[in-house]
**Student:** 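The following block contains the structure, expressed as structure tokens.
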Amino acid sequence: MHILHVVGARPNFMKAAPVLRALENVGQHRQTLVHTGQHYDANMSDVFFSQLEMPAPDVNLEVGSGSHARQTADIMTRFEPVVLERRPKMVLVYGDVNSTIAAALVCAKLGIKVGHVEAGLRAFDWSMPEEINRVVTDRLADLLFTPSEDADANLVREGVATEKIHRVGNVMIDSLVRLLPVAANVSRNGFPERYALVTLHRPSNVDDSEALKNIWQSLVEMSDSLDVIFPVHPRTRQRIAEFGRSTGKLHLSEPLPYIEFLALQSRAAIVITDSGGIQEETTYLGVPCLTLRNNTERPVTVSIGTNVIVGQSKEKLRDELAKIVSGNGKKGAIPPLWDGHAGERIASTLSRMPS
Ligand code: UD1
């Protein structure tokens, strides 16, 4: 079968790499990789291709940044001729970014089958652009590959036929499992022994200057007693330009490559984030995670894993941090099927389909 994969933004790469590899190992498929160019900085894109050992994209749509409408429309306009020319039998889209919804919409209109990897996640928060992308992509998809039981339940509740739903586990964890031994060899040189690792890029936190200043104050306060390492996403970098610089034990850096970030995550005393994928990775690693959002589309990271939702409350953040620092942080377990073999399960589902 000719399978075309669409990736565009940083979290897509860790999800697509294991699926590409597993399909390659099956041997009976032709694969095409399209990069939309939603993320284009070397440290947001190229370095992930090399570290994850992904093939170079066959096509790069080079859409770059823009408003949601513009970025989504540009991807659609540039992707449609590629699909018409290459005529894949199946298009796989990943996660919840604008590249995902744009590609799914093009394919649905052209009558080309769409498989959505990481289907069924819901934050039940329509103010998140990613939630809109998730719901619409799932509605358009023919095959829905889910990471966890809650995702299946969400889809069934929304009326998706059960035969379209395939619970395969967490593809992002496949990449983690494969590269954790490599990350273990990354030198600790220059890094503090005990530290909090911070990431921040959600519009609800960084586009609202009041919310962002509050978080910044919490980080500065936290760095009185604990080193804080904060690789800064480009969206956040723009927003903190006026006041955001390293001071004392607060260390800002550029976004990090996958392996270096994984090394930092696995050794962190605590991770503070608003990312979806990092809530999952910390759960797998057993590292306490405090999520600076009011909800999560990944509830198993709370019910089974190490994640605690702290929202935007400085007090709650301080309390939860104190618990962790005193050794009373949440302990967790690894959810079912987060085992490094999700990509293989997707490949075997696709390989059973008539080509
Ligand atoms: C996107 C995803 C988000 C994901 C995140 C991971 C959507 C709606 N959002 O958010 O779900 O968690 O990626 O990073 O798709 N920029 C650069 N260089 C780059 C990429 C972006 O400087 O390589 C800057 C641009 O100024 C851009 C801004 O970052 O305007 C935001 O990028 P964009 O892709 O629009 O959204 P993200 O915030 O990265």
Side-chain angles (χ1 to χ4, degrees), residues 6-16 34-50 52 57 60-76 78-79 93-105 116-119 121-123 125-138 171-172 175 198-208 211-212 230-241 244 253-258 261 265 271 273-282 289 291-293 295-298 301:
V6 179
V7 294
R10 189 170 58 177
N12 290 160
F13 310 136
M14 306 70 132
K15 294 168 193 169
V34 174
H35 190 327
T36 65
Q38 177 174 345
H39 285 176
Y40 43 86
D41 285 352
N43 61 8
M44 296 291 286
S45 176
D46 300 0
V47 71
F48 288 82
F49 275 76
S50 60
L52 295 162
N60 191 324
L61 304 176
E62 295 181 348
V63 295
S65 301
S67 69
H68 282 271
R70 180 168 208 118
Q71 191 175 57
T72 308
D74 278 353
I75 297 167
M76 290 180 68
R78 295 181 195 195
F79 183 55
V93 296
Y94 297 84
D96 56 16
V97 302
N98 286 342
S99 300
T100 308
I101 187 179
L105 191 47
H116 184 204
V117 178
E118 200 187 81
L121 298 184
R122 298 289 180 267
D125 176 356
W126 206 240
S127 71
M128 283 181 86
E130 293 84 0
E131 182 79 353
I132 298 169
N133 294 347
R134 289 179 202 116
V135 170
V136 176
T137 304
D138 284 340
V171 280
M172 196 165 206
S175 287
V198 175
T199 82
L200 216 55
H201 73 279
R202 288 273 154 233
S204 56
N205 282 328
V206 306
D207 290 1
D208 173 342
L212 183 58
F230 182 8
V232 186
H233 184 282
R235 172 191 283 279
T236 312
R237 173 73 68 188
Q238 292 162 11
R239 307 292 191 271
I240 63 171
S253 77
E254 290 300 310
L256 294 172
Y258 181 77
F261 188 78
Q265 245 193 122
V271 172
T273 192
D274 58 9
S275 150
I278 292 171
Q279 295 171 48
E280 299 180 332
E281 290 171 343
T282 46
C289 177
T291 296
L292 303 185
R293 287 174 44 190
N295 49 51
T296 179
E297 62 286 342
R298 289 150 161 103
T301 61

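Index from 1, following the sequence. For ligands, and for the atoms within them, numbers begin at 1 and follow the listed sequence.
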**Student:** Please state which protein non-hydrogen atom is closest to atom 19 (C) of ligand 1 and give its distance, to 0.1 Å?
**Tutor:** Tyr40 CZ, 3.6 Å
**Student:** Measure the distance from atom 27 (C) of ligand 1 to every protein heavy atom, then report the residue, atom name and distance (to 0.1 Å) of the closest one.
**Tutor:** Ser65 OG, 3.3 Å
**Student:** So which protein heavy atom does atom 36 (O) of ligand 1 come closest to, and at what separation?
**Tutor:** Arg235 NH2, 3.7 Å
**Student:** Would you call Arg122 and Glu297 a salt bridge, using N to O less than 4.0 angstrom?
**Tutor:** no
**Student:** Starting from atom 18 (N) of ligand 1, what is the nearest protein heavy atom, named by residue and atom, and what distance separates them?
**Tutor:** Asp41 OD2, 2.9 Å
**Student:** Output yes when a side-chain donor or acceptor of Thr36 lies under 3.5 Å from a complementary backbone atom of Gln38, and no otherwise.
**Tutor:** yes
**Student:** How far is atom 2 (C) of ligand 1 from its nearest protein heavy atom, and which residue and atom is that?
**Tutor:** Val97 CG1, 3.7 Å
**Student:** Are Phe49 and His35, when compared by the centres of their aromatic rings, separated by less than 6.0 Å?
**Tutor:** yes
**Student:** Taking only heavy atoms of Asp96 into account, list the atoms of ligand 1 that are under 4.0 Å away from them.
**Tutor:** 11 (O)
**Student:** Can you name the atoms of ligand 1, numbered from 1 with element, that are less than 4.0 Å from a heavy atom of His68?
**Tutor:** 8 (C)
**Student:** Consider side chain to side chain donor-acceptor pair (under 3.5 Å). Of Asn98, Thr100, Asp96, which one does Asn133 pass it with?
**Tutor:** Asn98
**Student:** So which protein heavy atom does atom 12 (O) of ligand 1 come closest to, and at what separation?
**Tutor:** His201 NE2, 2.8 Å
**Student:** How close does the nearest protein non-hydrogen atom get to atom 32 (O) of ligand 1, and which residue and atom is it?
**Tutor:** His39 NE2, 4.2 Å
**Student:** Among Gln238, Met44, Arg134, Glu130, which one puts a heavy atom closest to atom 3 (C) of ligand 1?
**Tutor:** Glu130
**Student:** Is there a side-chain contact between Met44 and Pro234 in this structure, where contact means two heavy atoms from C-beta onward sitting under 4.5 Å apart?
**Tutor:** yes
**Student:** Indicate yes or no for a side-chain donor-acceptor contact from Glu131 to the backbone of Ala123 under 3.5 Å, with no hydrogens or angles considered.
**Tutor:** yes
**Student:** Write out the residue and atom name of the closest protein heavy atom to atom 6 (C) of ligand 1, then the distance separating them to 0.1 Å.
**Tutor:** Pro11 CD, 3.5 Å
**Student:** For Glu118 and Arg134: C-alpha separation, side-chain torsions, deciding distance, then whether salt bridge (Lys or Arg N to Asp or Glu O under 4.0 Å) applies.
**Tutor:** CA-CA 9 Å; Glu118 200 187 81; Arg134 289 179 202 116; 5.8 Å; no
**Student:** Numbering the atoms of ligand 1 from 1, which are under 4.0 Å from a heavy atom of Pro234?
**Tutor:** 16 (N), 17 (C), 18 (N), 22 (O), 24 (C), 29 (O)
